[in-house]
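The model shown is predicted, which means the values in this text are computed figures rather than measured ones. Along the sequence shown, residues are numbered consecutively beginning with 1.
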Amino acid sequence: MKYYIIAGEASGDLHASNLMKELKALDQDARFRFWGGDRMLAQGGEIVKHIREMSFMGFWEVMLNLRTILKSLEMCRKDILLWKPDALILVDYPGFNLRMATFAKAHGIRVIYYISPQIWAWKQSRIKRIKQVVDKMLVILPFEQAFYRRFGMEVDFTGHPLVDALEEFKSTSLLPDFLQKNGLNEVPIVALLPGSRKVELASNLRTMASLAKHFPEFQFVVAAVRSYPESYYQKIIKGSSVKIVTGQTYHLLSHSRAALVASGTATLEAALLGVPQIVCYRAGKISYFIVKQLVKVKFISLVNLIADRQLVQEMIQHRFNSANLKNELSRLLQDIDYVKEIREGYQQMYMKLGGSGASRKAANIVHSYLTGN
């Protein structure tokens, strides 16, 4: 069977790659063509465009890159028609993927959406379109099934694939010599996860790195992504004592006492690895003003949304500054009872995520739907 998959971000690349792995186990004739990243490439198939060329964030950045985005949409439409897949599998990335869902549906191609757009947070009006153009929706957050049911749409809850990814990591991938291999010493680590998009890096990392001088008894280490050269990070942290580790985020978190994390999937990764964290988010003024008018949720981090309470602190926009970060980080590094409370909350959150086997369950749903079995 021919699967055309579109994932536009690093988290989508991870989840799509795990889905591909499980689909191959069910379908010996599986063929993949995709928009994605290195993890999907490792599963085989043909890549059309890499995620490093697709990650645009915020209203203003999208407007500045509108011509590139429109060209990508047209390229994708033509490529889908030429390849004639049995199904189009979309992974989050709604601005692009909902347009491709509409196109595929109009051309008689079955549309499966794996990992719902966060329409429960904003743009709930999109659900009307989703009901029209998506044949099968798979969701990974425990409250999403009830949300869709409110609008008359039945969806499948698979559990969260990060649970599988992190359990596999903990059982097979821990490096005892991680510190030595990366030029780190035995001094306790504070991890900095500034995001995987350039606009996030430029906005977040400089403020995060400014904390290092206030905590000389700790080493601050950036979790860099391979999409950008180390020199890009070096320019931002120039003059600080911050160190860089590339492509080893889980290893870094596993060795960290605390973390500063840009809002997104990484907040959930830190929580599942038991790392106390501060969630950080800063957008451009125009983008933030627009989002503030539209967002309908109490929290921005997945950790707090799933826990349904403020389990970890969120430093958003004007609150995201060195003074606030310093105060909260001091608490994370010194208050044993506070850290214990956070970790107990992480355990409760984990129980809500549905346990292991999410990627396998998703693949079974996809394969059964397409084969009628």
Side-chain angles (χ1 to χ4, degrees), residues 10-11 14 38-39 42 162-196 200-201 204-262 264-280 303 312 322 325-326 328-336 338-340 342-343 346 350:
S11 60
L14 170 64
D38 295 338
R39 290 185 174 95
L162 265 185
V163 173
D164 291 337
L166 286 164
E167 286 185 357
E168 181 180 357
F169 164 76
K170 285 185 274 190
S171 65
T172 64
S173 304
L174 284 172
L175 293 175
D177 56 351
F178 168 77
L179 297 177
Q180 182 182 356
K181 282 191 171 182
N182 289 280
L184 304 175
N185 53 45
E186 297 294 332
V187 173
I189 293 172
V190 174
L192 307 180
L193 280 66
S196 58
E200 290 176 322
L201 294 178
N204 297 335
L205 183 52
R206 190 168 285 105
T207 302
M208 290 178 173
S210 69
L211 288 188
K213 62 180 178 288
H214 299 294
F215 298 87
E217 67 276 30
F218 292 86
Q219 53 184 331
F220 283 63
V221 185
V222 181
V225 295
R226 291 194 173 95
S227 302
Y228 309 110
E230 187 173 309
S231 59
Y232 182 75
Y233 292 88
Q234 291 286 6
K235 287 179 183 176
I236 299 173
I237 64 173
K238 186 177 180 181
S240 76
S241 61
V242 175
K243 300 172 184 177
I244 299 171
V245 168
T246 302
Q248 301 173 77
T249 300
Y250 291 174
H251 291 290
L252 177 60
L253 284 171
S254 296
H255 286 80
S256 298
R257 282 273 298 277
L260 278 63
V261 186
T265 303
T267 63
L268 192 53
E269 292 171 324
L272 290 172
L273 287 169
V275 185
Q277 63 182 296
I278 306 170
V279 177
C280 307
V303 175
V312 297
S322 296
L325 292 177
K326 179 185 174 183
E328 179 62 16
L329 183 57
S330 295
R331 194 178 177 199
L332 289 181
L333 296 174
Q334 297 170 13
D335 191 333
I336 297 173
Y338 181 43
V339 169
K340 181 182 178 183
I342 290 173
R343 286 186 168 140
Y346 283 169
Y350 172 82

Notebook entry, point to check: Knowing that exactly one of L329, L260, I278 qualifies, which makes a side-chain contact (heavy atoms from CB on, under 4.5 Å) with M208?
Noted result: L260
Item checked: side-chain contact (heavy atoms from CB on, under 4.5 Å) assessment of F215 paired with V190 -> CA-CA 10 Å; F215 298 87; V190 174; over 6 Å; no
Notebook entry, point to check: Which heavy atom of V261 sits nearest a heavy atom of A259, and at what distance?
Noted result: CG2-CB, 3.8 Å
Checklist line | Between CG on residue L193 and CG on residue L205, distance to nearest 0.5 Å | finding: 10.5 Å
Next item on the list: Using a 4.5 Å cut-off on heavy atoms from C-beta on, say whether the side chain of L192 contacts that of L211.
Entry: no
Checklist line | Between CG on residue L332 and CD1 on residue I342, distance to nearest 0.5 Å | finding: 5.0 Å
Margin query: Using side-chain heavy atoms (C-beta onward) and a distance below 4.5 Å, is N185 in contact with K243?
Written below: yes
Checklist line | Minimal non-hydrogen separation, V187 against E217, with atom names | finding: CG1-O, 3.0 Å
Margin query: side-chain contact (heavy atoms from CB on, under 4.5 Å), that's the test. Do T246 and Y228 meet it? Break it down for me.
Written below: CA-CA 10 Å; T246 302; Y228 309 110; over 6 Å; no
Next item on the list: Could you please spell out the steps behind the side-chain contact (heavy atoms from CB on, under 4.5 Å) verdict for R343 and V339?
Entry: CA-CA 6 Å; R343 286 186 168 140; V339 169; 3.6 Å; yes
Next item on the list: Any chance you could lay out the side-chain contact (heavy atoms from CB on, under 4.5 Å) test for Y346 and V312, step after step, and finish with the verdict?
Entry: CA-CA 10 Å; Y346 283 169; V312 297; 3.7 Å; yes
Checklist line | Any donor-acceptor pair under 3.5 Å from R39 side chain to L14 backbone | finding: no
Check: Under 6.0 Å from the CD atom of E186, do we count more than 12 heavy atoms belonging to anything else shown?
Finding: no
Check: How far does CG of L162 sit from CD of E167, to the nearest 0.5 angstrom?
Finding: 11.0 Å
Checklist line | Q248 side, atom CD; N182 side, atom CG - distance, nearest 0.5 Å | finding: 4.0 Å
Notebook entry, point to check: Are there more than 12 heavy atoms of other residues, nucleotides or ligands under 6.0 Å from atom CD of Q180?
Noted result: no
Next item on the list: Please name the pair of heavy atoms, one in L333 and one in R257, separated by the smallest distance, quoted to 0.1 Å.
Entry: O-NH2, 3.1 Å
Next item on the list: Please round to the nearest 0.5 Å and tell me the distance separating atom CG of L268 and atom CG of L166.
Entry: 8.0 Å
Check: Hey, does F169 have a side-chain heavy atom less than 4.5 Å from the side chain of H251?
Finding: yes
Next item on the list: Among V279, V275, L273, find the one that has a side-chain contact (heavy atoms from CB on, under 4.5 Å) with Q277.
Entry: V279
Note to self: For the NZ atom on K181, are there more than 12 heavy atoms of other groups (residues, nucleotides or ligands in this structure) within a distance under 6.0 Å?
What the structure shows: no
Check: If you take all heavy atoms of N204 and P194, which pair is closest and at what distance?
Finding: ND2-O, 3.0 Å
Notebook entry, point to check: Got a sec: does the NZ of K326 have more than 12 other heavy atoms crowding it under 6.0 Å?
Noted result: no
Next item on the list: Identify the two heavy atoms, one from A262 and one from G195, that lie closest to each other, and give their separation to 0.1 Å.
Entry: CB-N, 3.8 Å
Note to self: Can you tell me how far apart CZ (F178) and NE2 (H255) are? Round to the nearest 0.5 Å.
What the structure shows: 6.5 Å
